Amino acid sequence: MALLLLPEPYDFAVSTERYRAFGPDLANLWHEGGLHRAIGGREVRIETAPGGVDVSPLDAEIEPVVLHYLGGPFDLGAFSAFAETDPPLARLVHRLRGLRPPLNPTPFETLVTSITAQQVSLQSAFAVRNRLIERFGERAEHAWAFPTEERIARASEDELAALGFSRRKAEYVVGLARAGIDWVELATLPDDEVKARLVAIRGLGEWTADWFLARHLGRPRAWPAGDLGLWRALAEHYLEGIRPTIPETRAFGARFAPFENLSAHYLLASLYTVA
DNA sequence: TACCAGGTAAAAA
DNA sequence: TTTTTACATGGT
């Protein structure tokens, strides 16, 4: 076990609430007060510690992955200063003090997770996703490694449909696994080009592409204007209960530039994090 | 029971 | 070109 420092303030429990709020997540598993995840086939446990987190095991392979996983790239200091100029956002930053949004470590997992969450409630999305993980993933100790692209490429649409995927979503997921995307090259492209590449793939719309920028690549300007949860949060904190349309939400994002991604995360977290 | 839930593609108009 | 529909599960 070794200490991994994160810039203060950092609140591990608040930051990881989204892995618990909608039911258990087998790939990001909360167990005995710590977060467990398979990294390179090994189970890694992360728990809160003064000044950061305790990580076990921790070595040169795991450290950069965990740092990214815990949202290390986000510039929270600059964001907090920016938020002070916007009263509703300032309230959220104070209420959710120490929230550093986690980032999803792997691109294929990020996109498949988004596909499972398209249109349905997050509770049901987690249920279907957990069945996919148990069927095609590898269990480490407690947590499971998410199914690999190679394994899903060999699966059939019927097998996915049997797990609760719609016919359409089963096609999306298997097709994505078989597409042979160059993830390393994709990550080098600017936001607009990443979106254009992703949206060209069947089953990946603008909402899914925006969340990929936000939750995998951690791009500061990502703003998922098609997200129902974001509409609800904007309605609650800015629009007197009226849910905005997609164009209205997209336009509203300018208010948070250049911190759209962190703003979206704080807005969404306000919906499910208890004070 | 019917309806809503962190969308998307394809059919119909 | 724009609008409408099908989709599968889980909670209420």
Side-chain angles (χ1 to χ4, degrees), chain A residues 16-28 92 96 99 101-104 109-135 155-177 179 195-216 218-219 222-239 241-250 252-253 256 260-273:
Chain A
T16 57
E17 177 60 24
R18 79 171 232 89
Y19 295 129
R20 298 185 293 280
F22 310 102
D25 179 337
L26 297 184
N28 304 284
L92 291 182
L96 301 168
L99 167 61
L103 290 171
N104 210 312
E109 174 181 348
T110 301
L111 291 174
V112 172
T113 297
S114 285
I115 291 169
T116 64
Q118 288 170 1
Q119 207 276 333
V120 299
S121 69
L122 288 183
Q123 292 252 3
S124 65
F126 270 58
V128 170
R129 194 180 82 121
N130 281 340
R131 292 199 287 270
L132 179 77
I133 292 170
E134 288 186 303
R135 176 69 181 78
S156 71
E157 292 165 11
D158 285 345
E159 287 174 309
L160 267 65
L163 301 173
F165 283 80
S166 65
R167 201 75 229 172
R168 189 69 75 75
K169 286 188 182 179
E171 293 170 17
Y172 296 166
V173 171
V174 173
L176 177 66
K195 280 183 72 167
R197 291 274 189 101
L198 292 178
V199 169
I201 297 166
R202 192 170 122 87
L204 310 185
E206 189 171 14
W207 175 86
T208 302
D210 281 333
W211 274 125
F212 183 86
L213 290 172
R215 283 236 168 92
H216 172 61
R219 298 287 172 90
W223 178 250
D227 189 90
L228 176 66
L230 189 55
W231 303 344
R232 287 167 48 211
L234 289 172
E236 179 180 336
H237 298 291
Y238 289 92
L239 301 172
I242 309 296
R243 289 187 191 182
T245 63
I246 290 181
E248 286 166 351
T249 306
R250 191 174 292 115
F252 210 91
F256 303 116
E260 291 92 331
N261 189 355
L262 282 168
S263 299
H265 272 98
Y266 272 76
L267 284 160
L268 283 170
S270 76
L271 298 176
Y272 56 78
T273 305

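All chains are named by letter (A, B, ...) in the order of the sequence lines, taking the proteins before the strands, and each is independently numbered beginning at 1. What you see is a predicted model, and the numbers here were worked out from it, not measured in a lab. Note that these values count all heavy atoms, side chains included, but never hydrogens, waters or copies made by symmetry.
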Item to complete: Using salt bridge (Lys or Arg N to Asp or Glu O under 4.0 Å) as the criterion, list what pairs up with A:R129, not counting sequence neighbours.
Response: A:D25, A:E109
Fill in: Rounded C1' spacing from C:dT3 to B:dA5 in Å
22 Å
Worksheet item: Atom CZ of A:R131 to atom P of C:dT9: distance rounded to whole Å?
Response: 7 Å
Worksheet entry | Pair A:Y19 + A:Y272: ring centers closer than 6.0 Å | no
Fill in: Worked verdict on A:W207 versus A:D227 for side-chain hydrogen bond (donor to acceptor under 3.5 Å, both in side chains)
CA-CA 7 Å; A:W207 175 86; A:D227 189 90; 2.9 Å; yes
Practice prompt. Decide yes or no for A:W211 and A:T113: does some side-chain heavy atom of the first lie under 4.5 Å from some side-chain heavy atom of the second?
Written response: no
Detail all sub-3.5 Å separations between protein N/O atoms and N/O atoms belonging to nucleotides 7-11 of chain B.
residue: B:dG7; atom: OP2; partner: A:Q119; partner atom: N; Å: 3.4
residue: B:dG7; atom: O5'; partner: A:Q119; partner atom: N; Å: 3.1
residue: B:dG7; atom: O4'; partner: A:Q119; partner atom: N; Å: 3.2
residue: B:dT8; atom: OP1; partner: A:G205; partner atom: N; Å: 3.0
residue: B:dT8; atom: OP1; partner: A:T208; partner atom: N; Å: 3.1
residue: B:dT8; atom: OP1; partner: A:T208; partner atom: OG1; Å: 2.6
residue: B:dT8; atom: OP2; partner: A:W207; partner atom: N; Å: 3.3
residue: B:dA9; atom: OP1; partner: A:G203; partner atom: N; Å: 2.8
residue: B:dA9; atom: O4'; partner: A:R168; partner atom: NH1; Å: 3.2
residue: B:dA9; atom: O3'; partner: A:R202; partner atom: NH1; Å: 3.0
residue: B:dA10; atom: OP1; partner: A:R202; partner atom: NH1; Å: 2.7

Worksheet item: So, for A:F165 and A:Y172, is the gap between ring centers shorter than 6.0 Å?
Response: no
Item to complete: Have a look at A:S124 and say if it touches a base, only the backbone sugar-phosphate, or nothing, with a 4.0 Å heavy-atom cut-off.
Response: base
Worksheet item: Quick one: A:R243 CZ to B:dC4 C1', roughly how many Å, whole number?
Response: 9 Å
Worksheet entry | Watson-Crick or G-U wobble partner of B:dT1, both distances under 3.5 Å | none
Item to complete: Quick one: label A:F126 by what it contacts on the DNA or RNA (base, sugar-phosphate, nothing), any heavy atom closer than 4.0 Å.
Response: nothing
Practice prompt. Would you mind classifying the nucleic acid contact of A:R129 as base, sugar-phosphate or nothing, using non-hydrogen atoms under 4.0 angstrom?
Written response: nothing
Item to complete: Would you mind checking if A:E17 and A:R20 are paired as a salt bridge, meaning a charged N to carboxylate O distance below 4.0 Å?
Response: yes
